[in-house]
Amino acid sequence: MVVSSRMPISREEEEALNDYFLDNSYVEGFVTSQADATLFDLFIVTPSQDLYNLHRWYKHIASFGSDRLKFPSLKRNCVTLSVNGIKLKMVNKNEEEINGQEGVEQQQLSEDIVDPWNVQASSNKGIDYDKLIDRFGSSRIDDALLERFEKITNQKPHHFMRRGIFFSHREMHKILNFVEAGKKFFLYTGRGPSSESMHLGHLIPFIMTKWLQDVFDVPLVIQLTDDEKYLWKDLKLEHCNKLAYENAKDIISVGFDINKTFIFSDVDLMGGAFYKNVLKVQKHVTFNQVRGIFGFDESSNIGKIMFPAIQAVPCFSSSFPFIFGEKKDIPCLIPCAIDQDPYFRMTRDVAPRLGFQKPALLHSTFFPALQGAMSKMSSSDENSSIFLTDTANQIKKKINKYAFSGGKDTLEEHREKGGDCEVDVSYMYLRFFLEDEIRLEEIHQQYSSGAMLTGELKNELIQILQKMIFDHQARRKAVTDDIVKQYMTPRPLNFSIRKQ
Ligand code: TRP
């Protein structure tokens, strides 16, 4: 059945939609779009409470008020919802007016998409990380690894690791073996500088990396891929390069040891030993291989096709002779979000053929968007995330207004049934940033039992984020151009490869 913009929705269709919203946050899946606004306008009255999922979706869209007119347009011309044999076709109003015709029908995803350019879950419970471990062939960060980590470092593993925020790894045991033998490794992570405004999600790998640097007392290289962003985005090369230096300030503000950290822009470093290693990788990886891993095709620009070689080489200590001298076999550990794994699968594949060590990896899950979208946050949608430049007031407003709530609609119902921590974005954020294990557990209990209200939960988060961002901004203010230059100058770092 086709629902045009003016036909009221029948009970039968409401039930079908209710089923649909059991597994989908929004009409288009996991971000709001004009399709939500269109569907919303079809309702003459609020759908009844017993259609719980539809009711929740409706209230959520209603909470945007007239802001829903600003939801992005559909990427597709129309979406077909096929539920219980009923087809609901939602046509984007704007496109209808412009094109006067319907476009290709798009079905729901049957599998999560996770690659360096797309992260999209097929269910609103988010990415199925267990499945990803199977698909990618990595290993789970399990209790045995955590115990060994603690024994060797004499430190309780970071709460990101204990709480499954960093959930997967490759060859972390090899790194621990090295440490046990009194040898050192080095850390490598990076960022693609595509916008000035970094958000909370961007900080996660850097927070983890700083902690690892402190615990293991090891050197760190941070790659800023201004070249990558130039090749993939509609941006000027000079602009990408400038963004690299801007972003470096936020990265430095995480607190990396200036004596042990080298930050670099690809555009400015390329040449010498680094480029020699790029060439070696290029010669040993075929187009067929990168096509298989990254999905390039004949119309991809040739810069993209060779770029994976550039993200690969910082894993090899011989790329940085000014840091590692003659040492060509120092192992590397890369903390990163799991979407970067394809680069390092390729790297691990080619490394032995070049006589280099395979890098080890620690993979993180994605930081959820405020709307409960279980995909990565977007720098282009300012309401999808908390930015490092947000004021205390903006933080408060965004959390209160946009953070998807697992709370119930009425006070009585909430007190009786309790909130759902599994879908509640404020609670998810607390898992990232509230270190106090006991308090977190208390909140979980009180919120799930209904003793704690959404407003109280949000308040606790707001206080933590306000302090965190305030401190970050204070540190960033102190990062002068001269300090950036120091971090970004090729130079020896202060460390010894073998402990005395
Ligand atoms: N490609 C990454 C991005 O777009 C940046 C990056 C380069 C990176 N090297 C890395 C990320 C190593 C993690 C680890 O953000």
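Since the structure is predicted, the reported quantities are computational estimates derived from the model, not experimental observations. Throughout, numbering of the chain's residues begins at 1 and tracks the sequence.
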(message) To the closest 0.5 Å, what do you measure between CD1 (I310) and CG (L231)?
(response) 7.5 Å
(request) Please name all residues satisfying side chain to side chain donor-acceptor pair (under 3.5 Å) with K398, sequence neighbours left out, ordered by chain then number. (result) D390
(request) Please check if atom CG in L69 has more than 12 non-hydrogen atoms from other residues, nucleotides or ligands closer than 6.0 Å. (result) yes
(message) Nearest 0.5 Å, please: how far is CG in N383 from OH in Y402?
(response) 3.5 Å
(message) Looking at K229, is its backbone amide N or carbonyl O close enough to the side chain of S194 to form a donor-acceptor pair, meaning the two atoms are under 3.5 Å apart?
(response) no
(request) Just do the side-chain contact (heavy atoms from CB on, under 4.5 Å) check on V285 and M306 with the steps written out, would you? (result) CA-CA 9 Å; V285 179; M306 80 74 90; over 6 Å; no
(request) Measure the shortest side-chain to side-chain distance between L362 and L212 over non-hydrogen atoms and say whether it is less than 4.5 angstrom. (result) yes
(message) Can you classify the ring geometry of F296 versus W232 as parallel (below 30°), tilted (30 to 60°) or perpendicular (above 60°)?
(response) tilted
(request) Could you tell me whether K174 atom NZ has more than 12 heavy atoms of other residues or ligands within 6.0 Å of it? (result) yes
(request) Could you check if a side-chain atom of S384 sits within less than 4.5 angstrom of a side-chain atom of Q371, using non-hydrogen atoms only? (result) yes
(request) Kindly indicate whether the side chain of V484, heavy atoms from C-beta on, has any atom under 4.5 Å from the side chain of I252. (result) yes
(request) Give a yes or no on whether the backbone of D214 and the side-chain of K260 come within a donor-acceptor separation of less than 3.5 Å. (result) no
(request) Kindly indicate whether the side chain of I293, heavy atoms from C-beta on, has any atom under 4.5 Å from the side chain of P308. (result) no
(message) Donor-acceptor pair, distance only, cut-off 3.5 Å: does the side chain of E196 make one with the backbone of N247?
(response) no
(request) Examine the side chains of E382 and Q394 and answer whether a donor and an acceptor come within less than 3.5 Å of each other. (result) no
(request) Could you walk me through whether Y245 and L224 pass the side-chain contact (heavy atoms from CB on, under 4.5 Å) test, one step at a time? (result) CA-CA 9 Å; Y245 287 80; L224 300 173; over 6 Å; no
(request) Taking all heavy atoms of V114 and all of F136, pick out the closest pair and write down the distance. (result) O-CZ, 3.8 Å
Let me check something: any side-chain donor-acceptor pairs from residues 158-165 under 3.5 Å, sequence neighbours excluded? List them with distances.
unit_1, atom_1, unit_2, atom_2, d
H158, ND1, F160, N, 2.9
H159, NE2, F432, O, 2.8
R162, NH1, P157, O, 2.7
R162, NH2, E437, OE1, 2.4
R163, NE, E437, OE2, 3.3
R163, NH1, R431, O, 2.8
R163, NH1, L434, O, 2.8
R163, NH2, L434, O, 3.0
R163, NH2, E435, O, 3.0
R163, NH2, E437, OE2, 3.4

(request) Could you check whether the rings of H199 and H202 sit parallel, tilted or perpendicular, using 30° and 60° as the cut-offs? (result) parallel
(request) Drop me the distance from L430's CG to M428's CE, to the nearest 0.5 angstrom. (result) 11.5 Å
(request) Of all the heavy-atom pairs spanning S364 and A337, show the shortest one and how long it is. (result) OG-CA, 3.3 Å
(message) For a 4.5 angstrom cut-off between non-hydrogen side-chain atoms, does Q289 reach M346?
(response) no
(message) Taking salt bridge (charged side-chain N to carboxylate O under 4.0 Å, His left out) as the cut-off, I'd like each qualifying pair that reaches into residues 461-481, sequence neighbours left out, listed once.
(response) E246-R476, K249-D481, D250-R476, K467-D471
(request) Would you name the heavy atoms of I207 and F433 that are closest together and state the gap between them? (result) CD1-CE2, 4.3 Å
(message) Show me the pairs that pass salt bridge (charged side-chain N to carboxylate O under 4.0 Å, His left out) and involve residues 278-302, at least two apart or across chains.
(response) R291-E298
(request) List the steps, then state whether side-chain contact (heavy atoms from CB on, under 4.5 Å) holds for I127 with V119. (result) CA-CA 9 Å; I127 303 288; V119 176; 4.0 Å; yes
(request) Taking all non-hydrogen atoms of both residues into account, name the closest pair between R491 and I258 and its distance. (result) NH2-O, 2.8 Å
(message) Do D112 and L132 have side chains that approach each other closer than 4.5 Å (heavy atoms only, starting at C-beta)?
(response) no
(request) Quick one: list whatever passes ring pair (Phe, Tyr, Trp, His ring centres under 6.0 Å) with F71, sequence neighbours left out. (result) F64
(message) Quick check against the 3.5 Å criterion: does D36 have a side-chain atom that pairs as donor or acceptor with the backbone of S33?
(response) yes
(request) Working to the nearest 0.5 Å, report the span between CD of Q486 and CG of N259. (result) 9.5 Å
(request) List in chain and number order the residues that pass side chain to side chain donor-acceptor pair (under 3.5 Å) with S265, two or more places apart in sequence or in another chain; answer none if no residue qualifies. (result) D226, N241, D268
(request) Using the test ring pair (Phe, Tyr, Trp, His ring centres under 6.0 Å), find all partners of F40 that sit at least two apart in sequence or belong to another chain. (result) Y58
(request) For F470, look at atom CZ and say whether over 12 heavy atoms of other residues, nucleotides or ligands are found less than 6.0 Å away. (result) no
(request) Would you mind reporting whether P335 and L187 have side-chain heavy atoms less than 4.5 Å apart? (result) yes
(request) List in chain and number order the residues that pass side chain to side chain donor-acceptor pair (under 3.5 Å) with N277, two or more places apart in sequence or in another chain; answer none if no residue qualifies. (result) S318, S319
(message) On a heavy-atom basis, which atom in F264 and which in P314 lie closest, and how many Å separate them?
(response) CZ-CG, 3.9 Å
(message) Using side-chain contact (heavy atoms from CB on, under 4.5 Å), reason through L203 and V254 one step at a time and then give a plain yes or no.
(response) CA-CA 8 Å; L203 282 189; V254 174; 3.7 Å; yes
(request) Could you tell me whether the side chain of Y429 reaches within less than 4.5 Å of the side chain of P368, counting heavy atoms only? (result) yes
(request) Please check if atom NZ in K304 has more than 12 non-hydrogen atoms from other residues, nucleotides or ligands closer than 6.0 Å. (result) yes
(message) Considering only residues two or more places apart or on different chains, which pairs with a residue in residues 345-365 satisfy salt bridge (charged side-chain N to carboxylate O under 4.0 Å, His left out)?
(response) E171-R348, D341-R345, D349-R353
(request) Could you list the residues that satisfy ring pair (Phe, Tyr, Trp, His ring centres under 6.0 Å) with Y343, not counting sequence neighbours? (result) F294, F307
(message) Taking side chain to side chain donor-acceptor pair (under 3.5 Å) as the definition, give me every residue that meets it alongside N459, ordered by chain and number, with sequence neighbours left out.
(response) none
(request) Look up atom CD1 in I334 and atom CG in L361, then write down how far apart they are to the nearest 0.5 Å. (result) 4.5 Å
(message) Please find the pair of heavy atoms, one from I483 and one from A478, that lie closest to each other, and give the distance.
(response) CD1-O, 3.5 Å
(message) Before we go on, tell me: are the rings of F256 and Y487 under 6.0 Å apart, centre to centre?
(response) no
(message) Once ring pair (Phe, Tyr, Trp, His ring centres under 6.0 Å) is applied, do any residues pair with F356, and if so which ones, sequence neighbours excluded?
(response) F316
(message) Centroid separation under 6.0 Å, is that true for the rings of F186 and Y188?
(response) no
(message) Rounded to the nearest 0.5 Å, what separates atom CD1 in I399 from atom CG in L461?
(response) 4.5 Å
